[in-house]
Each structure stands twice: as C-alpha cells, then as structure tokens.
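In what follows, chains are A, B, ... by sequence order, proteins preceding strands, each numbered from 1.
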Number of protein chains: 2
Amino acid sequence: MTDPTAPGPLAATAALMADPARARMLTAMMSGEALTAGELARIAGVVPATASGHLARLAEGGLIVVHAQGRHRYHRLASEEVAAVIETLGGLAARIAPPRPWKHGETARQSRLCWNHLAGRLGVTLHQRLTGAGWLTPVPGGWAASAEGRERLAATGVDLDEAMTAKRFACDCMDWSERRPHLAGGLGREIATAWLTRGWLRRLPGNGEGDVLARRRIAVTPEGARGLHEGLGLDAA
Amino acid sequence: MTDPTAPGPLAATAALMADPARARMLTAMMSGEALTAGELARIAGVVPATASGHLARLAEGGLIVVHAQGRHRYHRLASEEVAAVIETLGGLAARIAPPRPWKHGETARQSRLCWNHLAGRLGVTLHQRLTGAGWLTPVPGGWAASAEGRERLAATGVDLDEAMTAKRFACDCMDWSERRPHLAGGLGREIATAWLTRGWLRRLPGNGEGDVLARRRIAVTPEGARGLHEGLGLDAA
DNA sequence: ATGATGCTTCGGTCGCGGGGAAAATGTGCG
DNA sequence: CGCACATTTTCCCCGCGACCGAAGCATCAT
C-alpha cells in the first residue's frame with residue numbers, strides 16, 4: 001500500500017515555494033538570469049550554507065537547473081512551466097495580500113521580464129499590436145507569423161529561425177498585472193533577447209530587498225522607443 | 001523597518017498549498033462543488049478538528065470562501081485565479097513527479113472539470129471546434145461569439161446572457177494534460193453547467209483517495225455524444 | 001427537554017525543517 | 001605547491017505548525 005500521509009506531488013512542489021528564502025530566490029530567477037549560489041544567498045538574506053541547502057532542494061525538485069562553470073554554480077529556472085506557476089502564483093498572492101496600499105500603476109504594471117519574455121504594460125501592448133495588426137494569426141495552440149509579420153519582426157532584429165526551434169513558436173502567457181495575455185514561446189524569448197542586446201530595452205536596478213519584481217524590471221530606451229514606433233507602429237508609454 | 005524575515009505574499013500563499021491535507025482539500029474543490037467541512041475532513045484523511053483549522057487558514061488566506069447554511073458550512077474555491085494556480089501547479093507537479101509510470105492517456109487526459117468549466121480532452125476539442133469554425137472570434141483579452149456561434153450554443157442549452165454577466169465572457173485557460181488551451185470565463189462556466197444539467201455530461205466517481213483528479217472526472221453520456229455531434233459537429237472520442 | 005449531528009476551540013505532544021557555525025571539498029591562480 | 005575563494009557537508013539548536021482528544025457551541029430532530 002501507498003503511504004496515505006505521503007505529501008503528493010502538488011503539496012511537495014508547493015512546499016518548495018513556501019519558504020521565504022526559496023521564494024525570494026525563485027522570484028529573482030524570474031529575471032531569466034543565471035545566478036550564482038552566492039548571489040542568491042545574498043538575495044535570500046541567508047548565509048551561503050543555508051542557501052546551498054535550499055538550492056539543492058529546488059534542483060532535486062526539478063524547479064531549477066544548475067550549470068557548474070569553474071568554481072561558480074549558476075542556477076536558473078528549469079522551464080517555461082515553472083515560470084508560469086511562479087507568475088500565476090505571484091499574481092494571486094499580490095491580489096490577495098495588497099502589499100502596502102499598492103502603487104499599482106507605477107510598480108507592478110511596469111514593464112518587466114517573465115522568465116525570458118516581455119510582460120507588464122509593454123508585454124500586453126506588444127501582444128495587442130502584433131495580433132491586432134494581423135502580423136500574428138491564431139492557430140490551434142498559439143500563434144503563427146504572417147509574411148508581413150515576419151518581415152516587420154526581422155527588421156527589429158528578431159531571429160525568427162531561432163524562435164522556430166522552441167517547442168512552441170508563440171503562445172499566450174497570462175499577465176497578472178494587466179490581466180490580459182502577453183507573448184511567450186520561442187518568439188517571446190527572441191524578441192526580448194534581441195531588443196535587450198540591441199539596446200532598445202535595458203534592465204533596471206531593483207529597489208530594495210523585498211521587491212516582488214527584483215531584477216525583472218526593464219525600461220524602453222530612447223532608441224527603443226524610436227525603433228518600436230518606426231518598425232512596429234508601437235508607442236511605448 | 002519591515003521585518004526582513006517576513007514570508008512575503010508568494011511564500012505565504014504557497015505555504016497554504018504546501019500541506020498534504022490542505023492540498024487534498026483544494027484539489028477536491030477543483031471539482032467546482034461546494035463541500036462541507038466534514039466531507040473535506042474525510043477527503044483529507046484527518047479528523048474534523050484538524051480540518052477545521054486548515055479550512056480557517058485557507059479562508060483567512062483568501063483561497064476559499066465559506067457559506068454557512070444550517071449546521072453545515074460549505075467551502076469552495078474563491079476565484080478563477082485560485083483555480084488557475086492549482087491547475088498550473090498540479091500540471092507542473094505531475095510533470096516533475098511522474099506518479100507511477102502514469103497511464104497518461106487513460107487517466108489524466110480524461111475529460112474533467114477545471115473549477116467550473118470543461119478541461120481535458122473534451123475541453124480542448126471543444127475549444128478547437130468553436131474557434132476553428134469561427135463561432136468564437138478573437139478579441140483583445142479573449143473571445144467573442146459570432147452570430148452563428150451564439151445560435152449554435154443557445155441550441156445546446158447554454159444561457160449566453162448569464163455568460164455575459166461574468167467579468168470575462170470567454171478566455172483561454174491552459175490545459176496541462178493536453179498542453180493546449182481550453183475555454184474558461186463565463187461561457188466556459190455556462191457550457192459546463194448547461195450540459196451537466198441537461199444530462200449530456202455526468203460526473204464520474206473518483207477512484208480512491210490519492211486521486212489527483214478526485215471528483216473532477218466527467219464523461220459524455222450517449223445523449224450528449226449525439227447532441228454534440230448534431231449541434232456542434234463535435235465528435236467526443 | 002433530550003439527544004444527535006456538524007463544526008469549532010482549546011490544550012498538549014511531537015516531528016519536520018530552517019537557521020547558523022565550523023569544517024570539508026573543490027576550483028582557480030600565482 | 002600553497003593560498004584564496006565559492007560552495008557544500010555536517011552538526012546541533014530551536015520554533016513553527018500539524019495532529020489528535022476532549023470539551024464547547026451551534027443547529028436540527030423527536
């Protein structure tokens with residue numbers, strides 16, 4: 001017989017996110033960056049020894065993957081699904097426990113990264129523009145790019161071939177701050193990386209420790225605003 | 001100063017799902033039913049006193065709502081968001097910890113309820129049919145029903161006016177077993193309730209305690225198969 | 001009234017797991 | 001080779017919380 005007191009997969013996975021230190025580590029990794037154990041220890045506010053234990057459990061549980069390089073060990077989220085769970089859970093938590101009166105407009109809805117793609121105000125505006133203009137057309141389970149869409153996106157530096165290699169070319173990811181979908185999948189990833197390397201977007205410093213969006217904030221640079229307007233007819237507010 | 005060891009909303013919410021007994025209760029409530037404290041105690045495998053404490057914490061945390069009626073207290077999930085988190089988290093957990101070789105085809109992908117709408121094989125097939133036939137057309141943030149779509153759906157007994165009263169008329173909800181979207185929102189709710197009351201669908205008994213889909217399984221009745229075929233051109237395998 | 005049922009509150013036990021200190025391992029560098 | 005740094009491992013402490021039994025309230029039945 002199976003142990004009736006066994007945690008069950010759902011509870012076991014939830015338990016991995018239920019510790020404050022681990023939760024801080026995971027939210028930090030939502031920036032898409034690969035972070036070393038030492039950095040994560042500081043972020044989580046614990047001594048390296050403690051952090052090491054937490055990271056071992058997260059890796060054991062399959063939520064993160066570790067890449068050893070020299071004497072550093074880089075940690076990042078394991079998959080799109082993990083990011084989706086953290087994003088959804090974070091959104092629910094934020095709605096349940098309004099953290100300090102909540103300067104909703106200026107803090108949470110701000111443009112941000114969701115693991116490897118764009119979210120927040122910019123993410124949903126982009127989604128709306130691409131689909132509204134017919135550059136992305138609905139297909140079962142996601143979106144495909146039209147001829148003009150491919151041309152427009154390629155002109156902004158997006159590597160569409162690379163985007164094709166993902167399991168999903170383009171699909172929706174629910175945005176909890178805007179409550180509308182933004183773009184995920186291979187295309188979402190390539191857009192974010194292309195515009196970041198091109199200097200159209202830049203990462204913003206997180207403000208303080210308990211920041212829900214730590215390391216995830218981004219902003220549109222002046223060149224980015226120009227490029228988005230000219231290339232996609234998109235006005236980033 | 002704020003306490004640097006404070007759990008943070010994400011960890012606090014995750015902790016509510018991290019207990020085996022509470023997780024069993026929440027998954028049971030994913031059937032959309034309102035369950036009494038006693039039923040939930042038996043489902044969770046704990047004594048009523050313990051269950052009462054758990055339910056108080058879940059209500060306090062905003063994950064469930066309680067409705068007192070006579071000497072019973074009915075508990076159900078608080079919102080669509082809560083259901084989405086549990087569904088997503090359950091999907092991730094199932095993928096991480098393949099529970100017993102996993103008879104994927106026959107168990108998990110089976111048609112089921114996702115809080116108040118259809119999921120699983122039937123859910124995604126329906127989604128595909130409604131959108132593919134043009135009966136639902138994409139609009140920002142979800143779907144709208146075309147004239148023919150409204151007619152077809154009304155013919156199957158769906159109350160479209162009632163569906164309109166929801167915050168969202170129709171939107172996607174990621175299906176973790178099929179890995180494609182199924183239909184949520186007011187329309188998803190009305191479809192499920194209409195077809196259940198009409199006898200096109202019926203609830204199946206859950207098999208055993210540790211059942212991930214406890215109380216969520218549904219099946220298409222013979223009349224349902226006929227009605228879906230004639231009304232929507234849908235063949236429920 | 002008396003009892004039965006459903007649920008909650010209280011009191012107490014106990015184990016799990018998060019915390020840090022110190023030591024061990026492993027890697028790069030002069 | 002020997003030192004410095006990043007990380008892990010081991011060990012122990014300690015508090016939170018899950019659990020149950022018993023008692024306390026409600027509500028419904030006879």
Please state how far atom CG in A:Asp19 lies from atom C1' in D:dC16, giving the value in whole angstrom units.
12 Å

May I ask you to check whether over 12 heavy atoms, not counting those of B:Arg168, lie within 6.0 Å of atom CZ?
yes

Side-chain heavy atoms of B:Val65 within contact of B:Arg76, under 4.5 Å
yes

Among C:dT9, C:dG19, D:dA18, the one nearest any side-chain atom of B:Ser52 is C:dT9

Which of these nucleotides, C:dC7, C:dT9, C:dG18, is closest to any side-chain atom of B:Ala49?
C:dT9

Atom NE2 of B:His67 and atom C1' of C:dG6 are separated, to the nearest Å, by 16 Å

So, does A:Thr50 get its side chain near the phosphate of C:dG20, meaning an N or O under 4.0 Å from OP1 or OP2?
yes

Passing option when B:Trp195 is tested against B:Val220, B:Thr221, B:Leu126 for side chain to side chain contact (heavy atoms under 4.5 Å, CB included)
B:Leu126

Establish, from distance only, whether the side-chain atoms of B:Arg22 and B:His54 form a donor-acceptor pair under 3.5 Å.
yes

Judged by modelled atom types alone, do B:Trp176 and B:Glu87 share a side-chain donor-acceptor pair under 3.5 Å?
yes

Proximity to the side chain of A:Val46 - top-ranked nucleotide from C:dG20, C:dC7, D:dC19
C:dG20

Let's see if you can work this out: which of D:dT7, C:dT8, C:dG20 has an atom nearest to the side-chain heavy atoms of A:Val47?
C:dG20

For nucleotides 23-27 of chain C, give me every protein contact, N/O to N/O, under 3.5 Å, one pair per line with atom names.
none

Could you tell me how far apart B:Glu60 (CD) and D:dG17 (C1') are, to the nearest whole angstrom?
16 Å

Starting from P on C:dC16, measure out to NE2 on A:His54 and report it in whole angstrom.
18 Å

Within less than 4.0 Å of OP1 or OP2 of D:dT27, is there a side-chain N or O belonging to B:His72?
no

Return the value, rounded to whole Å, for the distance between atom CG of B:Leu55 and atom P of D:dG17.
17 Å

Whole angstroms only, please: what is the NE2-C1' distance between A:His75 and D:dA6?
11 Å

For the pair made of CG in A:Leu58 and P in C:dG17, what is the distance, rounded to whole Å?
14 Å

Which of C:dG17, D:dA18, D:dT7 is nearest the side chain of A:Arg57? It is C:dG17

Length of the CD-C1' vector between A:Glu39 and D:dT7, whole Å:
14 Å

With distance as the sole test, does B:Thr197 use its side chain to make a donor-acceptor pair with the main-chain N or O of B:Thr193 at under 3.5 Å?
yes

Taking only N and O in the side chain of B:Arg73, is any of them less than 4.0 Å away from OP1 or OP2 of D:dA26?
no

Apply salt bridge (Lys or Arg N to Asp or Glu O under 4.0 Å) to B:Asp175 and B:Arg112, showing your working.
CA-CA 11 Å; B:Asp175 194 290; B:Arg112 63 182 191 275; 3.4 Å; yes

